[in-house]
Amino acid sequence: CSEHKDSSEKKHKDKEKTKHKDGSSEKHKDKHKDKDKEKRKEEKVETSSLKVELCFFACFCSPPRIKDEPDDDGFYASPKEDSKPLKRPREDDEILFILQDSKAKKVKSKDKKVPEADKRKKPKKEEEQKWKWWEEERYPEGIKWKFLEHKGPVFAPPYEPLPENVKFYYDGKVMKLSTKAEEVATFFAKMLDHEYTTKEIFRKNFFKDWRKEMTSEEKSTITNLSKCDFTHMSQYFKAQSEARKQMSKEEKQKIKEENERLLKEYGYCVMDNHKERIANFKIEPPGLFRGRGNHPKMGMLKRRIMPEDIIINCSKDSKIPAPPPGHKWKEVRHDNKVTWLVSWTENIQGSIKYIMLNPSSRIKGEKDWQKYETARRLKKFVDKIRNQYREDWKSKEMKVRQRAVALYFIDKLALRAGNEKEEGETADTVGCCSLRVEHIKLHPELDGQEYVVEFDFLGKDSIRYYNKVPVEKRVFKNLQLFMENKQPEDDLFDRLNTSILNKHLQDLMEGLTAKVFRTYNASITLQQQLKELTNPDDNIPAKILSYNRANRAVAILCNHQRAPPKTFEKSMMNLQSKIDAKKEQLADARRELKSAKADAKVRRDEKSKKTVESKKKAVQRIEEQLMKLEVQATDREENKQIALGTSKLNYLDPRISVAWCKKWGIPIEKIYNKTQREKFAWAIDMAEEDYEF
DNA sequence: TGCATGACTTAGTAAGGAGGAT
DNA sequence: ATCCTCCTTACTAAGTCATGCA
């Protein structure tokens, strides 16, 4: 590998041209992308053996696809329009009917069966008839809907000035703030107990943005944040939230009803003749930006979003939502190539925020299903791909070697792709392609193992990834090569980025990207673990423990962490004392049983026999209870710092879990709560016990 | 081709609320 | 009835990846 000598040239872009003038980017300033070298090394990779099947979904349960063209308006017309009345936009009065009547009359089409899960529940109106979108034809690529109508977003309530008696002090003296300045001050006051408010950057950013909201007098008086006393305001808010908790049932009920009304009015839309739940119909209220980890922008003011910031997306022929009186929307558009209903640009990063549908909706579910189908397709290719990257470790080209080692990490360790990030704009976190030399340590030998790589870096959400992994010798040697003549802050894979990697993956399999490996490895791990851990003789709680353990294996693989709950130790102790109490109870019950037996032996009458029987049952019951508690304790202890939810929700093919439940007679409710069941309704409906990922 | 932007998924935290224990 | 705990839900930040434009 003759080119490795210049591998120390950096690929970071010239930071001079980026907008921040502070010194924060000094460190990487000298990095340039070596374009010429890249070009020279453009190479044709022999991938024909891996070339993809064109059929999008290979397996039998693949969603059907149709392939016709959209009409002039960009709307897709179903070839079987007449036989599919459901896909035709409804007339206004019909829509109204749907919006108002949550029991929307059952469509005449194929939805004859009531899903299993629904039978068990008392027939509640919402649950009665679920639309099985997964039994319908899908739209051609790109078209997301044909009809979309909604009521627009719900804005944050306007600011309510503090009562006169709540004071703000500056330098020990009472000071009355202008409404605007006061509002921003309350944001800080509400966070006073939070660690954020002690952080230098947070305080600096907050103060800078706060001053922008002040009147000129305020600005000239308030020059030092440390002299500001928000404690009285903070106490007021605490009292308020306390009072909220103490409210009477009636008052609470009233609030609940109001929320329900809001949800009913704004929480749903009509998309292609079906009423669908919206995920986040409320606009984010103003406040202070809470970036995660060491975020350079934490504490900045997140401004209030007005109707004039809002872009509405809906059908041309729908009832277009009205802006609040006296206001206008920024824009109303009719783009059926996207799934969002409302968008606005946020002022911290300048990125766009969206209002989209709930995970239970067709549009999200279809995509989710498709995601798992892609991962399943990878299963067929993965051996070839693995062989290929092993070969590539020997390549003459630096770029190919780096790509191959990175892919190995992504595959083996389920690392994220690692896009480049704009420096100084976000917390310094990395993924695979953006790993720097400082993030790994090479140990030719460690704890009796050869060729160990020690990873230590901050990943998404500034969650630390720490792992010591034995790797193959060739990988190790390559890493040594990649690190030669580099500074700690240089890129490990200086000839690689996610775009190059994904292009390569695309050549290996249609639709393959870096994240597919995470999905694939997560799901396949769950399946294997379930096979391995489930003991057919176990009772249900023990089987569920096995499930959780399998789930946990995945969460560990994906590095899904959580802060150990603050009350963890305490609740663990509580549980332990419960177990102890149960043990004593069991001992007592056993003693009682013994004496009852003795008694029965002497008396030999019916009554004492019955007593023995009931004592026996009691012992059994208590044993079971004890067992349950012990299982619970184990489960909780093992779960201390691991978050299971993320993998369950985003990485594990739900059909694996559904099949497992069916196979072992576990009620699905034990694995998925209500929300999760709604999200995975498609999987619950279609997976049989013999489902193989 | 490279970069910015847009769209959409994945992520952890904290408030809220249901349900069990006292 | 009240308290406490834990689960659920809401919230929104932070990723990934494709696309379109200079």
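Keep in mind that the numbers below use all heavy atoms, side chains included, and drop hydrogens, waters and symmetry copies. Note on naming: letters A, B, ... go to the chains in the order of the sequence lines (proteins, then strands), and numbering restarts at 1 for each one. Model, not experiment: these values are computed from the prediction.
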**Student:** Name the closest nucleotide to the A:Lys364 side chain, picking from C:dT12, B:dC8, B:dA14.
**Tutor:**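 Looking only at heavy atoms from C-beta outward on A:Lys364, the closest nucleotide is B:dC8.
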
**Student:** Using a 4.0 Å heavy-atom cut-off to protein, can you give one letter per nucleotide of nucleotides 15-22 of chain C, 5' to 3': B if the base is in contact, S if only the sugar-phosphate is, - if neither?
**Tutor:** SBBS----

**Student:** For A:Ser241, which contact category applies under a 4.0 Å heavy-atom criterion: base, sugar-phosphate, or nothing?
**Tutor:**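 Result for A:Ser241 = nothing.
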
**Student:** Starting from C1' on B:dT5, measure out to CD on A:Glu346 and report it in whole angstrom.
**Tutor:**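 Whole-Å distance recorded here is 14 Å.
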
**Student:** At under 4.0 Å between heavy atoms, what does A:Arg277 touch on the DNA or RNA strands: base, sugar-phosphate, or nothing?
**Tutor:**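 Result for A:Arg277 = sugar-phosphate.
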
**Student:** Which residue lies toward the 5' end of DNA chain C, A:Phe281 or A:His295, if each is placed at its nearest nucleotide?
**Tutor:**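 That would be A:Phe281.
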
**Student:** Strictly below 4.0 Å: does A:Arg292 bring a side-chain N or O up to OP1 or OP2 of C:dC11?
**Tutor:**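 No, because none of the side-chain N or O atoms of A:Arg292 sits under 4.0 Å from OP1 or OP2 of C:dC11.
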
**Student:** Between C:dA13 atom C1' and A:Lys297 atom NZ, what is the distance in whole Å?
**Tutor:**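 My rounded result for the distance is 13 Å.
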
**Student:** Is any NZ, NE, NH1 or NH2 atom of the basic residue among A:Arg376 and A:Glu373 found under 4.0 Å from an Asp or Glu carboxylate oxygen of the other?
**Tutor:**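 Salt bridge between A:Arg376 and A:Glu373, a charged N being under 4.0 Å from a carboxylate O: yes.
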
**Student:** One thing to verify: whether A:Lys151 and A:Glu265 come together as a salt bridge, which I'm taking to mean a side-chain N less than 4.0 angstrom from a carboxylate O.
**Tutor:**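 Answer for the salt bridge query: yes.
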
**Student:** Is the closest basic N to carboxylate O distance between A:Glu678 and A:Lys674 below 4.0 Å?
**Tutor:**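 Looking at A:Glu678 and A:Lys674, the cut-off is met.
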
**Student:** Can you work out whether A:Asp335 or A:Asp368 has the more 5'-proximal nearest nucleotide on DNA chain B?
**Tutor:**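 Closest to the 5' end, via its nearest nucleotide, is A:Asp335.
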
**Student:** Side chain of A:Ile463 only, heavy atoms from C-beta on: which candidate in B:dT10, B:dG12, C:dA14 is closest?
**Tutor:**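 Nearest to the side-chain atoms of A:Ile463, counting from C-beta on, is B:dG12.
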
**Student:** From the set B:dT10, B:dT13, B:dA7, return the single nucleotide nearest to any side-chain atom of A:Asn650.
**Tutor:**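 Nearest nucleotide to the side chain: B:dT10.
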
**Student:** Let's see if you can work this out: which of B:dA7, B:dA18, B:dT10 has an atom nearest to the side-chain heavy atoms of A:Lys256?
**Tutor:**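 Within the option list, the nearest is B:dA18.
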
**Student:** Rounded to the nearest Å, what distance is computed from the OH atom of residue A:Tyr196 to the C1' atom of nucleotide B:dG12?
**Tutor:**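 The answer, rounded to whole Å, is 10 Å.
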
**Student:** So, A:Trp145 side chain and A:Val338 main chain: donor-acceptor pair closer than 3.5 Å or not?
**Tutor:**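 Side chain of A:Trp145 to backbone of A:Val338, a donor-acceptor pair under 3.5 Å: yes, one is there.
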
**Student:** Just so I know, are the side chains of A:Phe517 and A:Leu415 near enough to count as touching, which here means a heavy-atom distance under 4.5 Å?
**Tutor:**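 No, side chains not in contact.
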
**Student:** Can you measure A:Lys337 atom NZ to B:dA7 atom P for me and round it to whole angstrom units?
**Tutor:**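 It is 13 Å, rounded to the nearest whole Å.
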
**Student:** If I take atom CG in residue A:Asn548 and atom P in nucleotide C:dC7, what distance separates them, rounded to the nearest angstrom?
**Tutor:**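 Atom-to-atom, A:Asn548 to C:dC7, this comes out as 11 Å.
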
**Student:** Would you indicate whether A:Lys252, at its atom NZ, is surrounded by more than 12 heavy atoms from other residues, nucleotides or ligands within a distance under 6.0 Å?
**Tutor:**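 More than 12 heavy atoms, drawn from other residues, nucleotides or ligands, come within 6.0 Å of this atom.
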
**Student:** Indicate, with a heavy-atom threshold strictly under 4.0 Å, whether A:Lys144 touches base, sugar-phosphate, or nothing.
**Tutor:**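 The residue A:Lys144 makes sugar-phosphate contact but no base contact.
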
**Student:** Over all strands shown, is A:Pro285 touching base, sugar-phosphate only, or nothing at heavy-atom distances under 4.0 angstrom?
**Tutor:**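 The residue A:Pro285 makes sugar-phosphate contact but no base contact.
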
**Student:** Between A:Lys245 and A:Lys679, which residue's closest nucleotide on DNA chain B lies nearer the 5′ terminus?
**Tutor:**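 In this pair, the answer is A:Lys679.
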
**Student:** Is there a side-chain polar atom (N or O) of A:Thr339 under 4.0 Å from OP1 or OP2 of B:dC8?
**Tutor:**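 Result: yes.
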
**Student:** Name the nucleic acid region contacted by A:Tyr354, choosing base, sugar-phosphate or nothing; use a 4.0 angstrom heavy-atom cut-off, strictly under.
**Tutor:**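 Base: the residue A:Tyr354, judged by heavy atoms under 4.0 Å, touches a nucleobase.
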
**Student:** Would you say A:Lys353 places a side-chain N or O within less than 4.0 Å of OP1 or OP2 belonging to C:dC11?
**Tutor:**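 Looking at the OP1 and OP2 atoms of C:dC11, neither is under 4.0 Å from any side-chain N or O of A:Lys353.
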
**Student:** Please set out all donor-acceptor pairs under 3.5 angstrom arising from side-chain atoms of residues 640-648 of chain A, sequence neighbours excluded.
**Tutor:**
{"residue": "A:Ser647", "atom": "OG", "partner": "A:Asn551", "partner atom": "ND2", "Å": "3.2"}
{"residue": "A:Ser647", "atom": "OG", "partner": "A:Leu644", "partner atom": "O", "Å": "3.0"}
{"residue": "A:Lys648", "atom": "NZ", "partner": "A:Ile671", "partner atom": "O", "Å": "2.5"}

**Student:** Please find the pair of heavy atoms, one from A:Phe237 and one from A:Ala189, that lie closest to each other, and give the distance.
**Tutor:**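 Distance-wise, the nearest heavy atoms are CE1-CB, 4.2 Å.
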
